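The model shown is predicted, which means the values in this text are computed figures rather than measured ones. Every chain is numbered from 1, with letters handed out A, B, ... down the list of sequences.
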2 protein chains.
Amino acid sequence: MKILIVEDDALHRTYLGESVRAALPECDMVLEAADGATGERLAREHASDRVVMDLQMSPRNGIEAARTIWRERPDTRILFWSNYADEANVRGISRIVPPGAAYGYVLKSASDERLRLALRSVFIEDQCVIDREVRGLQQKSTGAVSGFTDSEYEVLIDIALGLTDRTIAKRRNLSLRSVQNRLQQLYEKLGVYQPNEGDAEARFNLRSRAVTVSLLRKLVNYTALERAEIELVRWLEKEGHSHR
Amino acid sequence: MKILIVEDDALHRTYLGESVRAALPECDMVLEAADGATGERLAREHASDRVVMDLQMSPRNGIEAARTIWRERPDTRILFWSNYADEANVRGISRIVPPGAAYGYVLKSASDERLRLALRSVFIEDQCVIDREVRGLQQKSTGAVSGFTDSEYEVLIDIALGLTDRTIAKRRNLSLRSVQNRLQQLYEKLGVYQPNEGDAEARFNLRSRAVTVSLLRKLVNYTALERAEIELVRWLEKEGHSHR
DNA sequence: AGGGAAATTGCGGGTTCCCGCAGGTCATTT
DNA sequence: AAATGACCTGCGGGAACCCGCAATTTCCCT
């Protein structure tokens, strides 16, 4: 059994290596990669179907790498090992995991034992293992009050990128008013209306404020923005061409 | 000689401990703290004047902790050990370092040797050591083209927080038009005007877009936002009281 | 098939934002 | 003293935003 480790922090990488060797004596080969790109390459060359990797990496982050790995071998088992449990990461993963694939998500703050269990469950038993803290987010994200619709999340990203209402409408194939409706729902759910006890004037620019609280609540984060920006420029180019 | 280590990641903490012991044989006591708050407490109790600490921590981040430590003992030597070299961190530190204090800033990606040198320089020789990558930012931030005036940085933070023009004016004691002037300069320097080859309509909401590119260029980051938000609510409360 | 909730769209308005223009103030220069 | 430049300020207008209202479409459920 071969296992591929993708993690840019050297200390964490050696720690993962030791944990893997200790938890999985049936593993006879441990590959290591220090960034997403070489991780993808090693996965391809060695046809490795068991990967444990970090999410926060630069220049090529974990979600991107996982996407291409899964595109080439959808049955790859991937265990994500991340610092944070924020909605942006969870959403990003559940968007790309192939149906039926085994994967896991454990936090770096988890105990050695928890990591050991996750390694065995995902790589030997083909189970899905998701830390409780993260699981809480998943429930919310599909569910009720504090969770967002996919469409709401879309406009959130769009205004975070700094797009105009009109541009959003064009990009998402909606009317101007529909975009503004979504925005209203978003403002509502983010609790951005706080005229400070009734009477006084509004202190916040709703649009910008919405982005701020999303950042503070970790509904979006830096890597999510980065990814979205890349998609945006791609779309902008396509748009530009079709208009001349 | 006593040395206090403040770092929330367990692996990095033990690594730092080993490095300190290896680089500084004259050190006979190493204290460890896993977050900013206990770091402050240990520093107070043990009257420690040599601290090495991480910047990215939660709930209480490194800059806050450093501020209170320096407030109590301005001659404390602090070596910051950080993942990133972005303008928000550099600005945050140079804003709170007491005149004459010795401090250092090295990246986690630095080699063992570089860390060793920094430890000895800051803690033994009372020198200031700043990684080259970070130094580049410092030059820019006080200087010419791509750097910002302090006042421009202020409005940047304010719109990142989602404030209205009017509110910014009140907070900074300016007229509405002056705030808008600063904003124009900001938009100019951030290069936010890109109507995509002349004719076409504007695709970006300048205000939001400015925040986005500042984030992408790491002129502001999550912890800077967090700090600014705290200051903001403090100001809002004061304002609220004075108005009834 | 039919009823009802949810989403989409148009219209109209009030507000905020973005910014050119035209003065002001203050400090430094010549 | 005049001149230059940097900054702040008021005015006005066009564009974008925020949103209530109401009509329509879409979707889902029994």
Handout entry: Whole-Å distance separating the OH atom of B:Y187 from the C1' atom of D:dA15
Key = 14 Å
Practice task
Rounded to the nearest angstrom, tell me the gap between atom CG in B:L206 and atom C1' in C:dC19.
Solution key: 10 Å
Fill in the blank from the handout: Taken to the nearest whole Å, CD1/A:I159 to C1'/D:dC17 is 12 Å
Handout entry: Distance, rounded to the nearest Å, where B:E154 contributes CD and D:dC8 contributes P
Key = 11 Å
Exercise for the section: Kindly say if A:Q185 contacts the phosphate of C:dA7, meaning a side-chain N or O under 4.0 Å from OP1 or OP2. Expected result: no
Exercise for the section: Return no unless some side-chain N or O of B:R182 is found under 4.0 Å from OP1 or OP2 of D:dC7. Expected result: no
Problem - Length of the line joining B:N181:CG and C:dA22:C1', which is rounded to integer Å - result: 13 Å
Exercise for the section: Without swapping roles, check the side chain of A:D131 against the backbone of A:L107 for a donor-acceptor pair under 3.5 Å. Expected result: yes
Handout entry: Nucleotide C:dT9, atom C1' - distance to CG of A:L176 in whole Å
Key = 10 Å
Exercise for the section: Could you work out which one of D:dC18, C:dT8, D:dC8 sits closest to the side chain of B:S178? Expected result: D:dC8
Problem - Option passing side chain to side chain contact (heavy atoms under 4.5 Å, CB included) with A:L55 (candidates A:N89, A:T223, A:N83) - result: A:N89
Handout entry: Rounded distance in Å - CD (B:Q180) to P (D:dG10)
Key = 11 Å
Problem - Which nucleotide in C:dT8, D:dT9, D:dC19 has an atom nearest any side-chain atom of B:R177 - result: D:dT9
Handout entry: Shortest side-chain distance from B:R207, nucleotide among C:dC18, D:dT9, C:dT8
Key = C:dC18
Practice task
Considering just the side-chain nitrogens and oxygens of A:Y193, establish if one lies under 4.0 Å of OP1 or OP2 belonging to D:dC19.
Solution key: yes
Practice task
Enter the distance from B:D165:CG to B:L174:CG here, rounded to the nearest 0.5 Å.
Solution key: 11.5 Å
Practice task
Report yes if a donor N or O on one partner sits less than 3.5 Å from an acceptor N or O on the other, where the partners are the side chain of A:Q184 and the base of D:dC19; otherwise report no.
Solution key: no
Exercise for the section: Give one of base, sugar-phosphate or nothing for A:L174, where a contact means two heavy atoms less than 4.0 Å apart. Expected result: sugar-phosphate
Exercise for the section: Test the A:K108-A:Y84 pair against the cation-pi criterion, namely NZ or CZ under 6.0 angstrom from the six-membered ring centroid and within 45° of the ring axis. Expected result: no
Handout entry: Check: A:Q127 main-chain N/O paired with A:E125 side-chain donor or acceptor under 3.5 Å
Key = no
Handout entry: Whole-Å gap separating C1' (C:dC17) and CG (B:L163)
Key = 15 Å
Exercise for the section: Examine C:dT16: is either OP1 or OP2 under 4.0 Å from a nitrogen or oxygen in the side chain of B:R166? Give yes or no. Expected result: yes
Handout entry: Which nucleotide in D:dC18, D:dC17, D:dT9 has an atom nearest any side-chain atom of B:N205
Key = D:dC17
Practice task
Examine D:dA16: is either OP1 or OP2 under 4.0 Å from a nitrogen or oxygen in the side chain of A:T164? Give yes or no.
Solution key: no
